[in-house]
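Indexing begins at 1, ligand by ligand and atom by atom, following the structure's order.
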Amino acid sequence: MSISLSSDFASAVPEMAVAWEAAPVAEPALLVLNEPLAKELGLDPAWLRADGLPFLVGNEAPGVAQAYAGHQFGGYSPRLGDGRALLLGELRHADGRLRDLHLKGSGRTPFARGGDGLAAVGPMLREYILSEAMHALGVPTTRSLAVVSTGAVVQREEPLAGAVLARVAGSHLRVGSFQYARNTGDHDLLRRLADHAVARHHPGSTYLEMFVQVVAAQASLVARWMLVGFIHGVMNTDNMTISGETIDYGPCAFMEAYDPTTVYSSIDHRGRYAYGNQPIVASWNLARLAEALLPLFAADEDQAVALAMEALGTFEGHFERAWMDGMQAKLGVSADVQLVQDLLALLHANHVDFTSFFHRLAAAARGSAEPARSLFLDLAGIDAWLSRWRALGPDADAMERTNPVYVPRNHLVEEALAAGASGDLSPLSRLLDVVTSPYVERPGLEHYATPAPQDFTATYQTFCGT
Ligand code: AMP
Ligand code: MG
């Protein structure tokens, strides 16, 4: 099978696309393949499983390493770029739109700095599980096509097996891509990059209209994260897309007990990217995007700044609306802000598992309140809240369509990864099966709907860039 990939990005901004070959993989072995996604992309799963392995690790044709900059934890790096990743090119999806086919863990590139360019099996399987769970939860995200082990050893704290992730995205245009272009001082480059982004994501829009749409898409995205309890963990500007898709599943995790200060990332000492800070950070990142795009908004700088400020000002309204719409769907009623805030205060004070609560609340809408009540110590508090909520006439069917039974719980993800790294892929495939049908409760799967043991959660940390 010969695959024809386009190279729109590389043609539009060759200065930001370094032609590069993936490291040769002597012994590729398929660990997991996303057959439905392969078919949507016109790729034959049977071929991918057999003769297509060299294609999946980038050994069939060269790709490009993309240049980008980024604010990491608030500090600006003018040159990051794909240090261990390659864009193979774009493919036409069944929906008619282009998708990037991108590899992670494919060897050092000119952007690698001190890194080895490699990725270990565990973190690549982690991205696969989390991104496919997010997709099933209806959250815009990059997708995972396959994880292929390379047979090479990756040296971390201990020697680990290497892998390449093939991922698919609306595009890999990041806030940091625009920061990079702007920072070169080459106005024509910035304009070509923006023209490419407009053509790809918002055909016919002006630059300002595109920015307004990115603001709306990011506000909606972060609201959706919060509504499923997702913590991205490393919302640097190089990890934020123009497409509004979640990208770069590093130290991300799902919150269990509701607490806005929850952080799992081992490097986020100050809680910059804590659950409850995510809207503020998204808005901060969008301000960095606006700065990069300023010369395209208006020739006069004061006028450009005024337009950017006005557009940025729409973030909060978009976020609040998306969050309240989502909360009303989760509660099955037209709740007001006070009802939602009172509930969150109760969840917080009683250390209640976020996902379990909303799932059990649907049962309460059907008349059996005990499973939800039993999550609280403050029974008087939750009873008073439940009666206010019940008076609004909750729609149990709607709640069951909205509130997942299963999310990729951290202890189960870690279990599946540990087994996968030692060659047993069955826990991974069971977990994938569960989290990719998150709304339908199935007998025998109670284990997957149960929070981690206390001692696990108390010490759980996630790691970045591994
Ligand atoms: P991240 O925080 O994972 O989004 O990565 C930040 C930057 O570090 C990007 O420029 C990556 O390409 C680069 N990077 C992360 N890990 C490696 C690695 N093992 N080798 C080379 N570059 C890496
Ligand atoms: Mg990144």
Side-chain angles (χ1 to χ4, degrees), residues 16-18 20-23 25 57-58 63-88 100 102-128 130-131 141-142 144 150 152-165 167 169 171-181 183 231-243 245-253 263-269 272-273 281-282 285 288-289 461-466:
M16 293 176 64
V18 180
W20 204 255
E21 284 183 23
V25 175
V57 295
V64 298
Q66 291 178 297
Y68 51 82
H71 277 89
Q72 300 177 303
F73 290 89
Y76 184 64
S77 292
R79 190 182 146 95
L80 292 169
D82 288 334
R84 56 164 172 172
L86 286 178
L87 173 65
L88 289 184
D100 280 4
H102 185 94
L103 305 180
K104 201 162 167 178
S106 49
R108 296 189 83 239
T109 75
F111 300 106
R113 294 167 289 155
D116 60 8
L118 303 177
V121 167
M124 296 305 100
L125 291 178
R126 192 162 201 284
E127 173 152 345
Y128 191 107
L130 271 290
S131 63
T141 177
T142 63
S144 294
T150 59
V153 173
V154 180
Q155 192 56 46
R156 296 291 180 256
E157 272 168 22
E158 49 185 333
L160 298 170
V164 173
L165 168 76
R167 95 177 158 191
S171 81
H172 283 79
L173 299 172
R174 307 151 188 263
V175 170
S177 312
F178 290 88
Q179 292 181 292
Y180 180 93
N183 198 246
I231 305 166
H232 182 282
V234 59
M235 291 176 71
N236 294 334
T237 58
D238 52 305
N239 292 337
M240 188 191 235
T241 60
I242 301 308
S243 66
E245 292 175 333
T246 313
I247 195 172
D248 276 2
Y249 291 83
C252 60
V263 173
Y264 293 110
S265 168
S266 63
I267 56 171
D268 192 359
H269 307 296
R272 180 181 173 93
Y273 300 137
V281 174
N285 288 350
R288 307 288 78 76
L289 177 61
Q461 284 206 318
T462 54
F463 299 89
C464 195
T466 49

Can you check whether L80 has an N/O within less than 3.5 Å of an N/O in ligand 1? no
Run the numbers on S131 and S144 for side chain to side chain donor-acceptor pair (under 3.5 Å), then give the verdict. CA-CA 7 Å; S131 63; S144 294; 2.8 Å; yes
Rounded to the nearest 0.5 angstrom, the CG-NE2 distance for D100 and H172 is 5.5 Å
Considering only heavy atoms from C-beta outward, does the side chain of Y76 approach that of R288 to under 4.5 Å? no
Over 60° means perpendicular and under 30° means parallel, so classify the ring planes of F73 and Y273, tilted if in between. tilted
When rounded to the nearest 0.5 angstrom, what distance separates CD in Q66 from OG in S177? 6.5 Å
Looking only at non-hydrogen atoms, which of R79, R174, R84 approaches atom 17 (C) of ligand 1 most closely? R84
So which of the N, O or S atoms of D248 lies nearest the Mg ion (ligand 2)? OD2
Is the closest N or O pair between G117 and ligand 1 shorter than 3.5 Å? yes
Answer yes or no as to whether an N/O/S atom of N236 is found below 2.8 Å from the Mg ion (ligand 2). no
Heavy atoms only: which of D116, T109, V234 is nearest to atom 19 (N) of ligand 1? D116
Within the structure, is a non-hydrogen atom of R156 found at a distance of less than 4.0 Å from ligand 1? yes
What verdict does the side chain to side chain donor-acceptor pair (under 3.5 Å) test give for T141 and Y249, after you've listed the backbone C-alpha separation in whole Å, the side-chain angles of each residue and the deciding distance to 0.1 Å? CA-CA 10 Å; T141 177; Y249 291 83; 2.5 Å; yes
Note: R108, heavy atoms under 4.0 Å from ligand 1, region reported as neither
Between D116 and R156, is the salt bridge (Lys or Arg N to Asp or Glu O under 4.0 Å) condition met? List the steps. CA-CA 10 Å; D116 60 8; R156 296 291 180 256; 2.6 Å; yes
Please tell me if the side chains of Q72 and N239 come closer than 4.5 Å, counting only heavy atoms from C-beta onward. no
Once you round to the nearest 0.5 Å, how far does CG of L103 lie from CZ of R167? 10.0 Å
Below 3.5 Å, N or O to N or O, backbone or side chain included: is there any such pair between Q72 and ligand 1? no
To which of G114, P123, G83 does the heavy atom nearest atom 22 (N) of ligand 1 belong? G83
Student check: side-chain heavy atoms of R126 and T462 closer than 4.5 Å: yes
Ligand 1 atoms nearer than 4.0 angstrom to some heavy atom of R113 are 7 (C), 8 (O), 9 (C), 10 (O), 13 (C)
Under a heavy-atom criterion of less than 4.0 Å, does G250 contact ligand 1? no
To which of G70, S77, G81, G176 does the heavy atom nearest atom 9 (C) of ligand 1 belong? G81
Indicate yes or no: does an N/O atom of D248 lie under 3.5 Å from an N/O atom of ligand 1? yes
Atom indices of ligand 1, in the order listed, that fall short of 4.0 Å to a heavy atom of N239: 4 (O)
Residue portion contacting ligand 1 (non-hydrogen atoms closer than 4.0 Å) for F111: neither
